[in-house]
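Written out below as structure tokens is the structure these notes cover.
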Amino acid sequence: MESSIKYIKGVGPKKQMLLKSELKIITIEELLSYYPYKYTDRTKFISIKEAKQSQDTVQCKGYITQIKSEGVGHKERITAYFTDGESFIDLVFFSGGKYLKQSLKIKEPYIIFGKPKHFGNNTSIIHPEISSGVNSDPTGQLYPQYHTTDKMKKEGLQSKQLFQIICNALDLISKQEIETLPEWLINYRKLCPKIVAMNGIHRPKNHAELNIATYRLKFEELFLNQLKVIYLKIDREQKYKGNIFPVVGKQFNQFYSKYIPFELTNAQKRVIKEVRANMNTGVQMNRLVQGDVGSGKTMVAFMTALIAIDNGYQACLMAPTEILASQHLDSILEMKHDLKTNVKLLTGSTKASERRNIHESLEDGTLNLLIGTHALIEDKVKFHKLGLVIIDEQHRFGVAQRAKLWKKSIIPPHILVMTATPIPRTLAMTLYGDLDVSVIDELPPGRKPIITKHFFESKREKINEFIQTELSQRRQVYVVYPLIEESEKMDFKNLEKGYEQVAKDFPDHKISIVHGKLKPSEKDEEMMKFKNHQTNIMVATTVIEVGVNIPNASIMIIESAERFGLSQLHQLRGRVGRGPDQAYCILVTGNKISNMSKTRMQTMVDNSDGFRISEVDLDLRGPGDIEGIQQSGDVLDLKLSDITKDGDILADVRNIIFKIAKKDRKLSNSANKKLLEMLIKTNKSLFNWSDIS
Ligand code: ADP
Ligand code: MG
């Protein structure tokens with residue numbers, strides 16, 4: 001399996017180079033792991049009546065009643081009328097006329113195969129494959145189709161030729177020991193042997209063979225994926241000692257008994273408990289807290305920070321934007337009353353003198369909690385004794401940035417990552433399988449559900465009337481426009497145009513405008529104006545997406561809503577419904593949108609639960625497109641499995657691996673030798689990941 005593909009029959013130096021440069025295939029194993037993306041089914045016949053344009057290919061039997069020729073020379077077009085005695089289909093050829101006229105026989109039995117197409121009332125197949133139908137069984141095969149590149153096609157290495165090479169490779173290894181999973185595991189889950197799976201995925205004789213092979217290979221793929229993340233976690237827990245925070249101290253208790261402004265929800269209490277237990281075990285914490293917008297993550301962050309501080313450590317809280325960082329500062333300053341906790345804000349726009357001040361107090365340990373943006377990552381920022389790093393709205397931070405923070409202390413700090421992007425369970429397991437997860441699955445009491453409606457642009461007047469009514473009752477309104485990088489210029493125009501339109505439609509109201517091109521200080525100024533109700537309407541791009549908390553703003557209008565991702569829409573909607581008033585979210589789309597867009601809008605109208613929405617999103621778009629996941633494409637290197645559909649296998653392999661880990665922490669048992677080999681083989685990527693969390 002590890003040998004070069006040059007040993008395969010039919011692979012000369014040219015094909016070897018081509019496969020390497022186009023598909024990164026060097027070894028036989030890599031070639032055999034290049035799976036078909038679909039199969040053409042020649043295991044059954046259908047009647048001509050059933051042949052529809054929507055089918056990829058069909059196979060029918062019947063005979064030709066008439067052959068017609070139009071045009072001459074290379075413009076000649078041959079049409080053969082083919083029937084199964086019930087309906088007709090046209091077989092159309094634009095070349096090979098001479099040969100066809102000689103060889104095709106009227107009334108002889110044939111098997112035809114190809115893609116049906118409708119032309120007016122007729123159904124045709126252009127250039128069908130035709131074979132004799134004397135012995136009219138189906139050809140009995142599922143033919144694999146492989147993706148090839150333009151260059152490969154040009155050089156004559158198309159799907160069919162690739163298939164031939166793969167068949168030769170399968171013949172070459174047919175007598176070798178290629179099993180990758182331990183025998184006990186194969187027996188335990190009744191998996192087919194690897195060699196059978198390889199044959200079954202590339203040249204299945206029927207659907208049953210294909211299914212057995214696919215299951216085995218998916219199982220193996222997910223098994224390896226989870227083996228990596230779970231053993232990575234074990235490895236890290238053994239390698240790195242964590243700071244121990246044994247006391248629940250003075251400030252925490254004082255805060256909890258005197259200053260806490262509301263009763264914690266049960267979910268908040270549970271998560272704080274989980275975090276506290278985790279930080280007291282001597283193992284470094286790597287925990288992801290998932291909580292829908294408005295579930296009260298800030299409180300959890302603050303109380304967690306108090307635990308660290310009570311134990312003599314410093315903590316920092318990192319947010320993706322200045323607005324959010326300063327909002328965190330404000331709410332924490334307000335909450336802490338006269339607690340002695342020393343809290344400061346460090347962002348890109350912190351003045352030099354204040355900055356120096358912060359650096360000093362960080363290094364001498366008098367600063368307890370530092371809140372900020374990316375500025376916290378800079379090398380100049382040194383802590384006296386950093387014990388806890390909290391990262392808010394995690395998906396905005398790159399993996400490398402997180403790794404950098406991690407290194408700011410000799411004993412790595414505990415890490416708490418808070419995300420409002422609800423990630424479906426199966427995705428979380430594959431992406432963050434090495435992190436512990438806490439979920440705040442409850443909103444504070446008394447929140448009225450936000451009413452969501454979808455309007456087409458043509459209903460503009462009605463929308464404006466509604467906004468007018470709300471404004472006249474002293475409520476505030478967000479109007480959000482998409483701003484997507486690739487078309488930034490055009491979008492920017494939309495935003496400005498939108499602003500002008502809003503100004504025209506609501507001449508009696510003051511308007512703020514916020515977008516990514518403003519300086520942070522200008523942005524903050526506009527936000528503050530809106531927050532203090534000096535303006536009534538906020539026209540903005542998605543910069544207001546996360547975290548902003550302005551309770552009196554109860555209307556969210558999202559323009560061109562079809563251009564936003566579902567989870568983004570959900571985040572935006574989460575900006576309203578933070579005060580006592582009934583909140584509304586209006587999704588405005590073009591009059592003509594695709595069915596997919598309609599489904600997405602309806603999903604928003606029907607659901608308020610972020611987890612549910614993200615599941616639908618995953619279903620509709622697949623994992624590669626989920627926001628915040630792209631950067632991790634690496635981890636999601638799944639060729640065959642689809643985490644939206646293979647959740648059962650995923651859960652199964654996780655259970656099995658946890659059991660193995662309990663008994664055989666180091667995989668030193670000889671029965672697990674193959675698993676250890678598997679891990680070592682992927683060790684390089686393992687190493688990179690061990691610094692992330
Ligand atoms: P998010 O999880 O989106 O970051 P926040 O921490 O901003 O949510 O909290 C949203 C709002 O809910 C804030 O105004 C906060 O004060 C309030 N809040 C948080 N927890 C509770 C609670 N247990 N009871 C009542 N209000 C709460
Ligand atoms: Mg928040």
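Atoms within each ligand, like the ligands themselves, are counted from 1 in listed order.
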Note to self: Do M303 and I260 have side chains that approach each other closer than 4.5 Å (heavy atoms only, starting at C-beta)?
What the structure shows: yes
Note to self: If the cut-off is 4.0 Å to any non-hydrogen atom of T298, which atoms of ligand 1 fall inside it?
What the structure shows: 4 (O), 5 (P), 6 (O), 7 (O)
Next item on the list: For the pair K380 and E363, find out whether any cationic side-chain nitrogen is under 4.0 Å from an anionic carboxylate oxygen.
Entry: no
Item checked: Polar contact flag for G296 and ligand 1 (N/O pairs, less than 3.5 Å) -> yes
Margin query: Under a 4.0 angstrom heavy-atom cut-off, which atoms of ligand 1 come close to T265?
Written below: 23 (N)
Check: Taking only heavy atoms of R578, which atoms of ligand 1 are found under 4.0 Å from at least one of them?
Finding: 3 (O), 7 (O), 10 (C)
Note to self: Below a 4.0 angstrom heavy-atom separation, can you tell me which part of L264, side chain or backbone, both or neither, approaches ligand 1?
What the structure shows: backbone
Check: Judged by non-hydrogen atoms, does G294 sit under 4.0 Å from ligand 1?
Finding: yes
Check: Looking at side-chain heavy atoms only, is the closest gap between Q468 and H509 below 4.5 Å?
Finding: yes
Next item on the list: Not counting sequence neighbours, which residues clear salt bridge (Lys or Arg N to Asp or Glu O under 4.0 Å) with R475? List them please.
Entry: E470, D581
Check: Quick one: which ligand 1 atoms are inside 4.0 Å of a heavy atom on S295?
Finding: 2 (O), 8 (O)
Next item on the list: With the side chain counted from C-beta on, respond yes when V271 and K297 share a heavy-atom pair under 4.5 Å apart, and no when they do not.
Entry: no
Check: Which bit of E263 gets closer than 4.0 Å to ligand 1, counting heavy atoms only: side chain, backbone, both or neither?
Finding: backbone
Notebook entry, point to check: With a 3.5 Å cut-off and no angle check, do the side chains of D292 and H570 form a donor-acceptor pair?
Noted result: yes
